[in-house]
Amino acid sequence: MTQHVLTILGSTGSIGESTLDVVSRHPEKFRIFALAGHKQVQKLAAQCERFKPEFAVVADAEHAAALEQLLEPADCNTEVLYGAQALIDIAAADEVTGVMAAIVGAAGLPSALAAARKGKTIYLANKETLVVSGALFMETARANGAQILPVDSEHNAIYQVLPHDYSGRLNTHGIESIILTASGGPFLDTDLATFDHITPAQAVKHPNWSMGQKISVDSATMMNKGLELIEAHWLFNCPPDKLEVVIHPQSVIHSMVRYLDGSVLAQMGNPDMRTPIAYCLGLPERLESGVGALNFGTLSALTFREPDFKRFPCLKLAYEAMETGGGAPCVLNAANEEAVAAFLAGKIRFTDIARIVSHCLEQGFSDGIGDIDSLLAQDALTRIQAQKGIGALVMK
């Protein structure tokens, strides 16, 4: 049996840990070539001891030295590397057949692009790759024969219920629209008058999913769903006016496809990221993931509602950036990353996140960005603008 040889970018995050859990259930099918864990050296060392990758990558020399010290007494021959180029190298290595792209934020873009240039199978969990560089990334994948499999639960659900021969043209397959479901996060029914006083601790407590802090805040503002809209636009070649969002607090239906004949096909399951990860890793086979079966006998009612842009202004901003195109999604993402970091650090209010993003979009951007250097330049400029806006809010 041929083993899949995997690099996991972001192995110490929630997606990375779930991926390793699935891999551990099928040791005959998978071999770990490299793990990347940024600064979480304790967790990364434990992963290296268990899975014995050839390489482990961290952020910088200081953390590399710390990881080497932790691995020294272990029965582990893992070579420790550090820095952005090392991430690119382990994503593009000849031995690697598949790359789990799960680094949070725009930092994951260069390594994901490197994997696409080498024609790898890319398990895409880093939505910012498509938000920031959708046209560039998709064209790079097409030109080099890379396969992109969506790991985000919503996009994975859509992928599962689209026709197997889907060509990227909705009308050809009788598709009316694509529907992304959203939990609504922890503040779906919270009094709007209290939003200025929401704390980071409250914002990271997602009612259904176990996620990192940044993604949890994005879920609370529904920017996460906005980024997913842009991701779906590129993944499925879906026009913005054919993308819907519906709030579904139970997170049982993960997304749907609406067909012209009136049918709506949905993918359902318990809210656990191991399901979409196992689906992608196993294709065309279905793998046991460790996720419990959905028990319909104990399910409460499944409810739905339209999103409220007054409650979730970030979602409206994302819709507008998607429709504008060009550099707007890049600006949206960079501004949001800076604003969320400032909120988590206690520098700005929860409601200031949307204000910072809106401020940066109003500063203008390039109409068309077709290369990585231009994208990174726009990203850097937006972060400077966001920090100025954050500074102005802090001084008030």
Side-chain angles (χ1 to χ4, degrees), residues 105 127-128 131-132 154 179-200 202-207 211 213-233 240-241 243-249 304-365 382-383 385-394 396:
K127 59 180 62 65
E128 291 84 2
V131 172
V132 174
E154 295 81 3
I179 306 168
L180 294 174
T181 57
S183 70
F187 308 126
L188 181 59
D189 297 307
T190 301
D191 185 351
L192 282 171
T194 68
F195 268 39
D196 278 347
H197 306 292
I198 287 172
T199 66
Q202 291 171 321
V204 300
K205 289 184 178 179
H206 194 281
M211 305 182 292
Q213 286 194 325
K214 193 267 181 182
I215 298 175
S216 296
V217 173
D218 282 348
S219 180
T221 64
M222 277 193 72
M223 178 62 88
N224 198 45
K225 203 54 50 182
L227 299 177
E228 288 172 4
L229 280 169
I230 300 170
E231 186 181 7
H233 165 64
D241 63 349
L243 284 167
E244 304 177 46
V245 171
V246 63
I247 292 177
H248 168 52
F304 306 90
R305 68 175 91 168
E306 294 290 326
D308 176 3
F309 287 151
K310 288 184 179 179
R311 181 173 293 272
F312 302 114
C314 284
L315 180 60
K316 186 174 187 290
L317 291 169
Y319 261 116
E320 292 170 352
M322 175 174 60
E323 290 166 354
T324 300
C330 180
V331 171
L332 177 91
N333 179 73
N336 180 66
E337 285 188 13
E338 294 298 315
V340 170
F343 167 67
L344 287 170
K347 295 179 180 178
I348 62 174
R349 297 170 298 182
F350 181 77
T351 49
D352 289 332
I353 295 173
R355 293 188 182 99
I356 294 296
V357 175
S358 180
H359 164 75
C360 290
L361 286 168
E362 289 169 359
Q363 302 308 301
F365 40 81
T382 300
R383 292 177 191 277
Q385 293 169 338
Q387 285 300 326
K388 288 180 179 177
I390 290 164
L393 289 170
V394 171
K396 285 184 179 179

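This one's a predicted model, so the numbers in the text were calculated from it and none came from an experiment.
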Under 3.5 Å, side chain of Ser358 to main-chain N/O of Ala354, donor-acceptor pair present?
no
Side chain to side chain contact (heavy atoms under 4.5 Å, CB included) assessment of Leu361 paired with Glu320
CA-CA 10 Å; Leu361 286 168; Glu320 292 170 352; 5.7 Å; no
Would you name the heavy atoms of Leu192 and Lys310 that are closest together and state the gap between them?
CD2-O, 4.3 Å
Where do Ser183 and Leu188 come nearest, in terms of heavy atoms and distance?
O-CD2, 3.9 Å
pair Met222-Arg311: side-chain heavy atoms closer than 4.5 Å
no
Show me, pair by pair, the donor-acceptor contacts under 3.5 angstrom made by side chains of residues 334-341, not counting sequence neighbours?
{"unit_1": "Asn336", "atom_1": "ND2", "unit_2": "Asp218", "atom_2": "OD1", "d": "3.0"}
{"unit_1": "Glu337", "atom_1": "OE1", "unit_2": "Arg383", "atom_2": "NH1", "d": "3.3"}
{"unit_1": "Glu337", "atom_1": "OE1", "unit_2": "Arg383", "atom_2": "NH2", "d": "2.7"}
{"unit_1": "Glu337", "atom_1": "OE2", "unit_2": "Ala106", "atom_2": "N", "d": "2.9"}
{"unit_1": "Glu337", "atom_1": "OE2", "unit_2": "Asn333", "atom_2": "ND2", "d": "3.1"}
{"unit_1": "Glu338", "atom_1": "OE1", "unit_2": "Gln387", "atom_2": "NE2", "d": "2.5"}
{"unit_1": "Glu338", "atom_1": "OE2", "unit_2": "Arg383", "atom_2": "NH1", "d": "2.8"}

To the nearest 0.5 Å, what is the distance between CG on Asp352 and CG on Leu393?
4.5 Å
When you look at Arg355 and Ile348, which way does the side chain to side chain contact (heavy atoms under 4.5 Å, CB included) test go after all the steps?
CA-CA 10 Å; Arg355 293 188 182 99; Ile348 62 174; over 6 Å; no
So do the side chains of Tyr319 and Pro240 get within less than 4.5 Å of each other, counting heavy atoms only?
no
One should read off an interatomic distance between Ile390 CD1 and Lys347 NZ, to the nearest 0.5 angstrom, of 7.5 Å
Quick one: pull up CE in Met322 and CG in Asp241 and give me the separation to the nearest 0.5 Å.
9.0 Å
Closest non-hydrogen atoms of Leu180 and Lys225, given as atom of the first, atom of the second and distance, are CB-CD, 4.2 Å
Within this structure, what is the CD-CD1 distance for the pair Glu244 and Ile179, rounded to the nearest 0.5 Å?
4.5 Å
Cut-off 3.5 Å, side chains only: do Asp196 and Thr351 have a donor facing an acceptor?
yes
Could you pull out the closest heavy-atom pair between Val217 and Phe343, with the gap in Å?
CG1-CD2, 4.1 Å
Calculate, to the nearest 0.5 Å, the distance between atoms CZ and OG1 belonging to Arg349 and Thr199 respectively.
14.5 Å
Any side-chain heavy atom of Val331 sitting closer than 4.5 Å to one from Gln363?
no
Is it true that Glu154 and Lys127 have a side-chain N and a carboxylate O under 4.0 angstrom from each other?
no
Any side-chain heavy-atom pair of Phe312 and Val245 under 4.5 Å:
no
Hey, are the side chains of Cys330 and Thr382 touching, using non-hydrogen atoms and a 4.5 Å cut-off?
no
Can you confirm whether Ile247 sits close enough to Asp308 that some side-chain heavy atom of one is under 4.5 Å from a side-chain heavy atom of the other?
no
Phe195 versus Thr190: any side-chain heavy-atom pair under 4.5 Å?
yes
Gln202 CD to Thr194 OG1 distance, which is reported to the nearest 0.5 Å
8.0 Å
Taking side chain as C-beta onward, heavy atoms only, is Leu332 less than 4.5 Å from Leu227?
yes
